[in-house]
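First comes the structure, then the notes that go with it.
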Amino acid sequence: MATIKDVAKKANVSVSVVSKSFNNYKDVKEETRQRVLAVAQELNYSPNINAKNLSSKKQMTFGLISSGVLNDNEKDNNAFDIFKGVYQAISDSRFELSIYLIDSQQQKQQSYVQYCRERNIGGAILQGIRTDDQYYKELIDTSLPCVVLDIMNDTSNSLIGTVSIDNAAAGEEIATHLLEKNHRDICLITGTAETYVNKERMKGVERALQAYGMSLDDVGVVDACFSEDKAYELVTAYLQQHRPTAFLCFSDLMAIGVMKAVKEAGLQIPQDVSITGFDDLVFSSYTQPALTTIRQDFVEIGRTAAQLLQDIKEHKNKQQHVWVEHQLIERDSVKTLAI
């Protein structure tokens with residue numbers, strides 16, 4: 001395999017000129033640069049990206065670190081859409097992108113900063129991190145630029161950015177939608193209690209209930225941990241005790257489990273029971289009936305995160321949280337009750 005020294009020798013230039021030619025330095029004549037590139041192509045030589053990063057003053061690789069994605073439900077395409085958005089933004093920049101899939105066990109074995117330093121990552125986007133994860137606890141004191149998805153930045157560290165939809169506002173909007181349809185006997189199908197998004201959606205629902213003279217004590221709550229199977233099992237048991245007029249689910253996956261349980265109980269949607277979801281996954285418009293839900297633009301979330309990370313890396317801007325717009329999607333799974 002040809003080396004940079006081989007290219008320099010055949011092009012009759014120094015090794016530093018070869019390096020500068022690949023990095024478009026202005027002090028290298030265009031004629032020389034073209035000669036170097038032609039020789040490199042002839043010798044089938046390409047620069048070592050990792051070596052280039054290590055020798056540069058600024059690390060030029062961003063890492064997308066995704067936790068738990070390998071355990072996700074196959075119906076959940078959120079992580080892939082986020083990957084796509086990050087890639088679209090990074091591919092238009094001067095940075096490289098590396099994707100790392102981790103689990104909770106890896107977090108216990110190795111620190112977040114150590115993980116990035118060993119791979120020469122100059123900045124990181126963290127997806128799927130929970131507030132009780134080891135990596136989250138390291139963010140407060142990190143010296144590495146990073147952007148975290150779906151967690152609010154409540155530290156004074158200017159190297160941390162966050163990106164999400166306004167989950168509280170979205171929770172309030174979907175709950176208000178049911179209340180406007182005259183539903184009062186509502187059961188909430190919530191996610192994992194420790195997650196930021198679950199807490200925020202609950203806050204929004206509570207605001208909506210208060211606007212109608214109600215509280216969380218007036219509704220049912222089933223914690224299904226964002227699991228389709230768990231939602232199905234728990235709602236199957238719940239329906240044996242009580243039949244609400246509506247289920248408000250904190251994810252589309254859980255809504256699918258609820259739909260299955262409701263139909264197996266001999267009930268019709270929305271004639272007997274209304275159901276809402278959250279996320280607007282690909283399948284949500286194909287369910288029977290089509291699911292009313294909150295749409296998150298996960299591609300835009302990924303793109304925004306990558307753009308914010310570049311800004312933090314290059315300009316050291318003050319901490320910030322960027323909101324990505326959400327949208328209430330009304331379909332056929334909610335019925336207006338007669339007063």
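Remember, it's a predicted structure, so these values are computed and weren't measured experimentally. Positions are given from 1, in the same order as the sequence printed here.
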Side-chain contact test, heavy atoms from C-beta onward, threshold under 4.5 Å: evaluate it for [X] versus [Y] and give yes or no.
| X | Y | value |
| --- | --- | --- |
| L188 | V205 | yes |
| V262 | M259 | no |
| L337 | H183 | yes |
| W323 | E325 | no |
| I275 | C249 | yes |
| L159 | L144 | no |
| D150 | N167 | yes |
| Q296 | I301 | yes |

Judged by atom type as modelled, is there a donor-acceptor pair below 3.5 Å linking the side chain of [X] to the main-chain atoms of [Y]?
| X | Y | result |
| --- | --- | --- |
| S284 | L281 | yes |
| T245 | D185 | yes |
| S333 | T292 | yes |
| D6 | T3 | yes |
| S19 | S16 | no |
| N182 | A338 | no |
| S274 | K335 | yes |
| T32 | V28 | no |
| K20 | D27 | no |
| R295 | L328 | no |

Looking at every non-hydrogen atom in both residues, tell me the closest pair between [X] and [Y] and how far apart they are.
| X | Y | answer |
| --- | --- | --- |
| V282 | S285 | O-OG, 3.7 Å |
| T236 | A261 | OG1-CB, 3.4 Å |
| A2 | L43 | CB-O, 3.5 Å |
| A265 | L239 | CB-CD1, 4.0 Å |
| I65 | A124 | CD1-CB, 4.2 Å |
| C187 | Y238 | SG-CZ, 3.7 Å |

Is the [atom1] atom of [X] crowded by more than 12 outside heavy atoms at less than 6.0 Å?
| X | atom1 | answer |
| --- | --- | --- |
| Y87 | OH | no |
| K29 | NZ | no |
| E31 | CD | no |
| Q88 | CD | yes |

Give a yes-or-no answer on whether the side chains of [X] and [Y] include a donor-acceptor pair shorter than 3.5 Å.
| X | Y | result |
| --- | --- | --- |
| T192 | N198 | no |
| E96 | T61 | no |
| S164 | H321 | yes |
| Q34 | E30 | yes |

Distance check, rounded to the nearest 0.5 Å: [X] atom [atom1] versus [Y] atom [atom2]?
| X | Y | atom1 | atom2 | result |
| --- | --- | --- | --- | --- |
| S66 | I99 | OG | CD1 | 9.0 Å |
| E300 | R303 | CD | CZ | 4.5 Å |
| I165 | Q327 | CD1 | CD | 11.5 Å |
| K230 | M254 | NZ | CE | 11.0 Å |
| Q320 | I312 | CD | CD1 | 6.5 Å |
| D223 | I189 | CG | CD1 | 9.5 Å |

Go through the steps to decide whether M152 and E200 satisfy the test side-chain contact (heavy atoms from CB on, under 4.5 Å), and finish with yes or no. CA-CA 10 Å; M152 178 63 75; E200 289 297 296; over 6 Å; no
Which residue in the set I269, T276, I186, V235 passes side-chain contact (heavy atoms from CB on, under 4.5 Å) when paired with F247? V235
Residue among V197, D279, L253 satisfying side-chain contact (heavy atoms from CB on, under 4.5 Å) with F226: V197
Output, in order, the C-alpha distance, side-chain angles, deciding distance and verdict of side-chain contact (heavy atoms from CB on, under 4.5 Å) for L149 and I82. CA-CA 10 Å; L149 305 185; I82 289 171; 3.7 Å; yes
Between E206 and K203, is there a salt bridge with N-O shorter than 4.0 Å? no
Pair R201 + E172, salt bridge at N-O below 4.0 Å: no
Going through the distances and angles, do E194 and K199 end up as a salt bridge (Lys or Arg N to Asp or Glu O under 4.0 Å)? CA-CA 8 Å; E194 296 81 8; K199 294 175 182 177; over 6 Å; no
Can I329 be reached from V334 by stepping across I, L, V, M, F, W or Y side chains whose heavy atoms are under 4.5 Å apart? no
Among T293, D280, T287, which residue satisfies the side-chain hydrogen bond (donor to acceptor under 3.5 Å, both in side chains) criterion with R331? D280
Quick one, R35 with V13, criterion side-chain contact (heavy atoms from CB on, under 4.5 Å). Give me CA distance, side-chain angles, the key distance, then yes/no. CA-CA 10 Å; R35 185 170 78 252; V13 296; 3.4 Å; yes
Check for me whether the distance between the ring centres of F278 and F250 falls short of 6.0 Å. no
Quick one: list whatever passes salt bridge (charged side-chain N to carboxylate O under 4.0 Å, His left out) with E180, sequence neighbours left out. none
